[in-house]
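Residue numbers begin at 1 in each chain, while the letters A, B, ... track the order of the sequences. Excluded from the calculations below are hydrogen atoms, water molecules and symmetry mates; all remaining heavy atoms, backbone and side chain alike, are included.
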Amino acid sequence: MKTRFAPSPTGYLHVGGARTALFNYLMARRRGGRFLLRIEDTDVARHQEDAIDKIVQDLRWLGLNWDEGLEAGGPAEPYRQSQRLDIYRAHVQKLLDAGQAYYAMESTQELETMREAAAARKEAFKYPRPAALPTSEQAQAARDAGREVVVRFVCPAEDVTIQDDAFGSVTMPAAEIDDFIILKADGYPTYHLANVVDDALMGVTYIMRGQEFLAQTWRHVLLRRALGFAEPGYCHLPLIMDMQGRKLSKRDGDVEVHAFRVAGYLSEALLNFIALLGWNPGGDREKLSLADLEQLFGPDRLGKTNAKFDRDKLLAFNTDWAATLPEDRLLEAFKDFLSLNDTPIPAGDDDLLRTLLRVCKGFRTFADIAAKTGVLFAPDDAYAYDPKAVEKVLSKGERNGYSVLGDLLPALEAADWTPAALEDLLKGFCEKNALGMGKVAQPLRVAVTGTTVSPAIGETLALLGRAKTLARIRRCLAQR
RNA sequence: GGCCCCAUCGUCUAGAGGCCUAGGACAGCGGCUUUUCAAGCCGCCAACGCGGGUUCGAAUCCCACUGGGGUCACCA
């Protein structure tokens, strides 16, 4: 058993690709097989060099390590298709020599015209194979005349049935099949040719990919037969759609894995959530680690219906994982988050970071922590007071927040500066003055952070330190 | 439009003829807790697309319809 993930480097790894990679990884793990990574960069125009590195980073972040392929090496080097052009051309030549492929000289525009004509006649367009296939001399003459020359595959006119592990038996009628291009005018192979040749040469025995390929798999089947390659196992995955039911596209929001990483999500949560899109272990079980998935995954429990990508549920998964992962792991992930974001939080102080993690228990993403505590590490005059908060907790009422702050100042100057001591001090102040804690904690929060949101007030002040706390309270009082 | 595929709460799904007055989770709504936010706890709302069959019995099997998606590129 060998599976592969074969992305094309046209952008970031998005959640759909991540799920495909995950399932292929799991399949190999589960069956004691190998998981391979190959880059399909046969589109010169859309290729982005830095995309390869990004995809590699994202896969690593998710923990989906591959046994063979890009960077890992292996018996079928190289693993980038742009470096395997000779191999594809040799296979194309083999087909040409056998009369199973032929040159075609129509330009893109001419083909477009032919398609439009077919559409006007309400007919499906099928490329008309010439009775006499052009010779290589004729092809060369056309090239010399400045025409674009491609190579098309001679498709046998027969029904093609594939056995798919998720969808079962699927037949493509012969009437739908026509001679498709396998070698482009620029000398690069098309996806179909390169993909089939590489899967065969690299020993890939099981192909799991998105359902968008299901209706095209006949091409691969026919190509394999012509080339004498064995048939692999096929398994197509239901698609992931956006909440509107449209195909998930990079345009409708940040569906890139990297965007979730930057936004403060845990890879455990993203992986867990994605695994449940189109697959489930049965019963009510939902919380699954990569290790769990490696034990449980199988194509038998794959669904057939498209899934919508529900960010709210992802958030809930993240919240749950954040609440249960060991602190060491959270610390590591938190530091990764900080390295990717510009925040005033000192990323080098592990003890402080652990404190923040504890003090913010219940956080949904690391971004929540940054939003809640960042201001504590900013310069004392670098934050603004939320006007609504000021109105509500500082300036309103007879015994207003400002006066409470003024009364509190002397006590704070002499206080023991630990969370518990500060908490006790404030409680005592409340009792003595017959005030609710809200009447004291909230004015302090606004004074010290500009907002009504922060960790527990004792923790907040302890984190800030006496000097900064007092300075901020005085600044607040001064701008009354 | 041709072809292929799919169809359970708003969402992810459990369900493989009687265990289903359809279960879980997220969201939503209500409440509890309360020094804020988040978290947590309790409760509520909410689905088998429609119509025919088959069967003693159908969410589960069959057919048609409707709806949705995919695919028909010198993109992968």
Side-chain angles (χ1 to χ4, degrees), chain A residues 6-10 40-43 45-46 104 106-108 111-112 115 119 122-126 148-152 164 167-168 170-173 175-178 180-186 188-192 194-195 209-218 236 238-239 241 243 245-247 273 276-287 303-317 319-320 322-323 360-364 368-369 371-372 389 393 423 426-427 430 436-446 449 451-458 460:
Chain A
S8 74
T10 53
E40 310 219 326
D41 52 349
T42 55
D43 185 340
R46 295 212 294 172
E106 291 81 7
S107 69
T108 312
L111 285 170
E112 189 50 38
R115 286 195 188 94
K122 295 193 171 173
E123 287 171 14
F125 173 74
K126 289 180 69 172
E148 294 175 335
V149 178
V150 301
V151 176
R152 283 180 185 267
D164 187 275
F167 288 92
V170 179
T171 300
M172 184 60 66
E176 294 296 310
I177 289 171
D178 78 339
F180 58 94
I181 293 172
I182 54 176
L183 192 70
K184 307 179 205 175
D186 64 4
Y188 277 69
T190 57
Y191 160 76
H192 303 293
N195 185 269
R209 74 232 303 193
Q211 199 202 83
E212 66 264 31
F213 294 106
L214 183 56
Q216 305 189 76
T217 301
W218 60 268
H236 288 85
L239 268 16
M241 322 295 277
M243 284 306 278
R246 312 194 133 279
K247 199 174 172 183
F273 176 67
L276 263 14
L277 258 27
W279 177 86
N280 76 81
D284 293 341
R285 212 173 157 192
E286 276 203 323
K287 186 163 190 182
K304 303 178 184 179
T305 59
N306 293 164
K308 289 180 179 148
F309 190 80
D310 184 353
R311 286 158 193 279
D312 288 337
K313 184 141 188 174
L314 203 213
L315 223 210
F317 269 94
T319 307
D320 186 41
C360 292
K361 266 241 179 314
F363 69 92
R364 296 136 91 209
D368 286 354
I369 300 182
K372 205 167 171 178
V393 308
E423 199 86 25
L426 295 180
K427 277 181 185 148
C430 286
M437 191 54 147
K439 280 291 195 183
V440 176
Q442 288 303 75
L444 275 170
R445 274 203 178 83
V446 176
T449 71
T451 73
T452 54
V453 177
S454 86
I457 196 64
T460 300

B:U36, B:C26, B:C74: which one has an atom nearest the side-chain heavy atoms of A:D312? B:C26
Distance check, C1' atoms only: B:A76 and B:A39, in whole angstrom units. 43 Å
What contact category does A:F273 fall into here, base, sugar-phosphate, or nothing, at under 4.0 angstrom with non-hydrogen atoms? nothing
Using purine N1 to pyrimidine N3 plus N6-O4 or O6-N4 for Watson-Crick, or N1-O2 and O6-N3 for G-U wobble, each under 3.5 Å, what pairs with B:A38? none
Can you figure out which of B:A76, B:C6, B:A39 approaches the side chain of A:T305 most closely? B:C6
Please report the distance separating the P of B:G15 from the corresponding atom of B:U54, rounded so that it comes out in whole Å. 29 Å
Could one point to a donor on the side chain of A:K313 or the base of B:A27 with an acceptor on the other under 3.5 Å away? no
In whole Å, what is the span from the NZ atom of A:K122 to the C1' atom of B:C72? 18 Å
Could you work out the separation of B:C48 and B:C12 based on their P atoms and round it to a whole Å? 16 Å
Is a donor-acceptor contact shorter than 3.5 angstrom present between the side chain of A:K304 and the base of B:C5? no
Minimum-distance nucleotide (side-chain atoms of A:V170 versus B:C5, B:A76, B:C74): B:C5
Distance, rounded to the nearest Å, where A:L111 contributes CG and B:A73 contributes P: 9 Å
Using the C1' atom as the reference point in each nucleotide, state the distance between B:G28 and B:C45 in Å, no decimals. 8 Å
Toward the 5' end of RNA chain B, by each residue's nearest nucleotide, A:L277 or A:D284: A:L277
Side-chain contact check for A:N280: nearest option of B:C12, B:A14, B:U36 is B:A14
Consider only side-chain N and O atoms of A:R445 and A:S454, and report whether a donor and an acceptor are under 3.5 Å apart. yes
On a heavy-atom basis, which atom in A:A389 and which in A:V446 lie closest, and how many Å separate them? CB-CG2, 3.9 Å
Paired with B:C3: which nucleotide, if any, by Watson-Crick or G-U wobble criteria at under 3.5 Å for both distances? B:G70
Write down the distance separating the C1' atoms in B:G67 and B:G30, rounded off to the nearest Å. 35 Å
Would you mind reading off the distance between A:L239 atom CG and B:A76 atom C1', rounded to a whole angstrom? 14 Å
Taking N and O atoms by type only, does the side chain of A:E176 place a donor or acceptor under 3.5 Å from a partner on the base of B:G2? yes
C1' gap between B:A64 and B:G49, integer Å: 14 Å
When you measure from the side chain of A:A215, which nucleotide among B:C74, B:C75, B:U71 comes out closest? B:U71
Any residue meeting side-chain hydrogen bond (donor to acceptor under 3.5 Å, both in side chains) with A:D368, in chain and number order, not counting sequence neighbours: none
B:U33 and B:G40, which share atom name C1', separated by this distance in whole Å: 9 Å
Start at the 5' end of RNA chain B and walk down; is the nucleotide closest to A:G283 or to A:D178 reached first? A:G283
Candidate nucleotides B:C5, B:C74, B:A27, ranked by approach to the side chain of A:F167 - the nearest: B:C5
Between B:G51 and B:C32 - P atom distance, rounded Å: 43 Å
Complementary nucleotide of B:U54, counting Watson-Crick and G-U pairs under 3.5 Å: none
Return the nucleotide paired to B:A25: Watson-Crick means purine N1 to pyrimidine N3 with N6-O4 or O6-N4, wobble means G-U with N1-O2 and O6-N3, both under 3.5 Å. B:U11
For a quick check of understanding: with a heavy-atom distance under 4.0 Å over all strands, which category does A:Q216 fall into, base, sugar-phosphate or nothing? base
